[in-house]
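Worksheet: the structure to be examined is printed underneath.
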2 protein chains.
Amino acid sequence: MTARDRHRRMSTITDVAREAGVSVATVSRALRGLDRVSPTTRERVLKVATELDYVASPTATSLASGRNQVVGVVAPFLTRWFFATLVSAIEKTLRQHGHHVLLFDLEDDSFDRRLPLSQNMLWKRVDGVITLNLPMTEDELTLIDRLGLPLVAIGTPVPDRPNVRIDDALAMRVATEHLVSLGHERIAYVGAVPSNVAHIQTPQARLDAFHDVMREHGLAEHDQWILGSDWTADSAAADTHTLLASADRPTAIAAASDEMAIGAMAAARAQGLRIPQDLSVVGIDDHALSNVLGLTTVRQDVAAQGREAAEILLRSLGVDDVADGTATEVVVPTELVVRRSTAAPHRPLPAD
Amino acid sequence: MTARDRHRRMSTITDVAREAGVSVATVSRALRGLDRVSPTTRERVLKVATELDYVASPTATSLASGRNQVVGVVAPFLTRWFFATLVSAIEKTLRQHGHHVLLFDLEDDSFDRRLPLSQNMLWKRVDGVITLNLPMTEDELTLIDRLGLPLVAIGTPVPDRPNVRIDDALAMRVATEHLVSLGHERIAYVGAVPSNVAHIQTPQARLDAFHDVMREHGLAEHDQWILGSDWTADSAAADTHTLLASADRPTAIAAASDEMAIGAMAAARAQGLRIPQDLSVVGIDDHALSNVLGLTTVRQDVAAQGREAAEILLRSLGVDDVADGTATEVVVPTELVVRRSTAAPHRPLPAD
DNA sequence: CTGAAAGCGCTTACAG
DNA sequence: CTGAAAGCGCTTACAG
């Protein structure tokens, strides 16, 4: 028997029971801190467990108790800042309470399609699930229901389930009002998504808010100033390029996300326009690069949303060391952060 | 019994055995496609299993077989582009082969510290692990070894384990040579990390390569032109700001990552410098925003590295539908992508 | 406060 | 080709 072989065998509950001179049932109780165990017994068991490097097999525990201590986190993409930030915050919060994250990235080949959630992914694997901006299909809702899994939705709500999000309409309203208050009247929008793209709903609320603000101020809208986009910087840049090539162009752009705003700024600069003198740009998010790029934006605290959702889920799992709370709908506040990408529109006055 | 209750109970192997009129052993064999099952029996079992929506309980399977079909993916951060891209690619590759990812983000409060990998995270939870740019401690290596887990390292190698990475020295060499070939002689570097930050090793190889190229071309280096940084755009911008405020400043900056390069560009622009006329900047990565920002960079295919690592791990787990291969050291190629952030240095000639 | 025993739902030799 | 039975390592009533 080599040293490596010897090390291979991890100790089981039976080992510590034998070594401590008690039954496995007692070991189980002692280690889990249940009542009905005498202090001396508990102490002895704890000591032996430590000596033997004992850690309960999660798979055996799971079979017997039905709990895995893992929660499924489901995202439509992972490579974008918003989602990665969310996952990171969720993972940390869960881990602090002894839980782990099983990650599902549902991105498919085409941006307007996604993979479905299946029984294989969840059944007896996770104790609950957190969805990230993910409208669920009927089938998926039925599945989650049948599996009896608690669920918390971040962003796009899921019917009858706790939800954590920002007020999308308000965020875009603040962004647009900022532009208007600066004196802009010719404002374009980037981030309209075709309504057949069912798995992204946030866009609609933001676009609607933009329309509302424009209407309220009696500002004219131009169809060709409402730019679609797949919500990437690249596509926003391409769309903006076309927009700005026209003689009749806007003095400002409201983008539904910072990544798109960054694309729009870059496209403008590449065409020789100065920001903010020739074009103002505002976004929503406060992306990791927005500060450095001087982008004016409506900041949302993404990590806080991840933490909130994780805590709500932990509570519904009955985890006891989680901060109290009963909230089932939390709307995280946003705030306008004015930087260097917005200013009053340049007016070709005589004195200019 | 309400509809919901009825749906709650998922069927077990016993249910399909009864329904199909065979033993559970036969069901197990039939469903896993083992030999020694008659075609008719197999067919019947399959049919019944489908009707009952049967999916084997992964936790029971795991207890009995020792396999979980899940691999642990361990990252020092998750919110940065490089890591999120890696995780996304790994997850997709694993899922195609019926495996899932349990995610661990080891980021701690301070950027030069990280959480340790523990027995709790891995023991009986994962069949293998993939590390992302993560030097392992002695204790962690011992743990992985004792647990008998296969491991594949992406980026920073782990002793005696398969490794997937780019050639860091070559990448920085190409970036620096590009600047030199353009005629730059005054070149600064961003991305030196204090050597006590043990969990980030890539930086050293890149910095060494930069020094080598400078020396080979007989170019002078200035201590104050080697900028530290925590590898974020913000810190790179702050450092660059100081650097450029000096009268004696470089004509080009080689950054060890695109995020830092973006920070450097932004800082320069904020000080009224034009890119590339007044300052050239080159990075390494080809970050999602680099194209739109016109950043010249040495591209690495991050997703490919994730896929390669996942496949190597799957092979070592004996998963049979993975493409053949025996590679244990794969170095993914990089390529220079010239965009708008680099040009020959501006020389104040008479004719200028 | 503690133990014996059943049970969680599979897989795996072992027989036949 | 198929079944009976042991075993994976816990948790949980049930007794005492």
Side-chain angles (χ1 to χ4, degrees), chain A residues 8-46 48-49 52-70 98 119-120 123-125 127 147-148 318, chain B residues 8-46 48-49 52-70 98 119-120 123-125 127 147-148 318:
Chain A
R8 267 285 173 55
R9 180 162 182 292
M10 307 297 293
S11 39
T12 71
I13 197 173
T14 308
D15 297 326
V16 359
R18 188 189 334 104
E19 208 66 28
V22 296
S23 71
V24 298
T26 298
V27 174
S28 176
R29 292 189 200 100
L31 259 25
R32 283 181 301 145
L34 299 189
D35 291 348
R36 328 250 115 221
V37 176
S38 81
T40 34
T41 304
R42 186 188 305 279
E43 203 174 317
R44 182 149 32 94
V45 170
L46 250 26
V48 172
L52 298 185
D53 262 334
Y54 173 72
V55 170
S57 157
T59 141
T61 299
S62 172
L63 221 212
S65 74
R67 285 303 186 78
N68 296 279
Q69 319 271 84
V70 359
Q119 185 167 322
N120 277 300
W123 165 231
K124 290 289 182 189
R125 290 211 118 100
D127 298 337
L147 264 27
Chain B
R8 265 287 171 54
R9 181 162 179 291
M10 307 296 293
S11 38
T12 70
I13 197 172
T14 307
D15 297 326
V16 359
R18 188 188 335 100
E19 208 66 30
V22 295
S23 71
V24 298
T26 298
V27 173
S28 176
R29 292 189 201 100
L31 260 24
R32 283 180 301 144
L34 299 188
D35 292 349
R36 330 249 114 221
V37 176
S38 82
T40 34
T41 304
R42 185 188 307 278
E43 203 174 316
R44 181 149 33 93
V45 170
L46 249 26
V48 172
L52 298 184
D53 264 332
Y54 172 72
V55 170
S57 158
T59 141
T61 298
S62 172
L63 220 212
S65 75
R67 284 305 186 76
N68 296 280
Q69 319 272 83
V70 0
Q119 185 167 325
N120 277 301
W123 166 231
K124 290 290 181 188
R125 289 213 119 100
D127 297 337
L147 264 28

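Note on naming: letters A, B, ... go to the chains in the order of the sequence lines (proteins, then strands), and numbering restarts at 1 for each one.
Once you apply a 4.0 Å limit to the heavy atoms of chain A, the touched nucleotides of DNA chain C run 5' to 3' over C:dC1 to C:dG9.
The list of salt bridge (charged side-chain N to carboxylate O under 4.0 Å, His left out) pairs with a residue in residues 15-32 of chain A, not counting sequence neighbours, reads A:Arg9-A:Asp15, A:Asp15-A:Arg18. Sorted by first and then second residue, the pairs that involve residues 53-63 of chain A and meet salt bridge (charged side-chain N to carboxylate O under 4.0 Å, His left out), not counting sequence neighbours, are A:Asp53-B:Arg146.
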Inset, instruction - Dot-bracket notation for DNA chain D is requested: 5' to 3', Watson-Crick or G-U wobble pairs only, both distances under 3.5 Å, with ( ), [ ], | and . as defined. - result: |||.||||||||.|||
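Comparing A:Lys124 and A:Thr41 by the nucleotide of DNA chain C whose heavy atom lies nearest to each, the residue mapping closer to the 5' end is A:Thr41.
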Legend entry - A:Gln119/B:Met10 under side chain to side chain contact (heavy atoms under 4.5 Å, CB included): CA gap, chis, key distance, verdict: CA-CA 11 Å; A:Gln119 185 167 322; B:Met10 307 296 293; 3.1 Å; yes
Inset, instruction - Output, in order, the C-alpha distance, side-chain angles, deciding distance and verdict of side chain to side chain contact (heavy atoms under 4.5 Å, CB included) for B:Leu63 and B:Thr59. - result: CA-CA 6 Å; B:Leu63 220 212; B:Thr59 141; 5.9 Å; no
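Under the side-chain contact (heavy atoms from CB on, under 4.5 Å) criterion, B:Ala64 pairs with no residue at all, not counting sequence neighbours. With sequence neighbours excluded, the residues forming a side-chain contact (heavy atoms from CB on, under 4.5 Å) with A:Ile13 are A:Val24, A:Val27, A:Ser28, A:Tyr54, listed by chain and number. Legend: residues meeting side chain to side chain donor-acceptor pair (under 3.5 Å) with B:Asn68, ordered by chain and number and at least two apart, are B:Ser62, B:Asp127. Residues meeting the side chain to side chain donor-acceptor pair (under 3.5 Å) test with A:Thr41, sequence neighbours left out: A:Ser38. For B:Ser23, the side chain to side chain donor-acceptor pair (under 3.5 Å) test picks out B:Thr26, with sequence neighbours left out. Judged as a side-chain contact (heavy atoms from CB on, under 4.5 Å), and not counting sequence neighbours, the contacts of A:Thr61 are A:Ala56, A:Ser65.
Contacts between residues 21-32 of chain B and DNA chain C, defined by a heavy-atom separation below 4.0 Å, involve B:Ala25, B:Ser28, B:Arg29, B:Arg32, listed by number.
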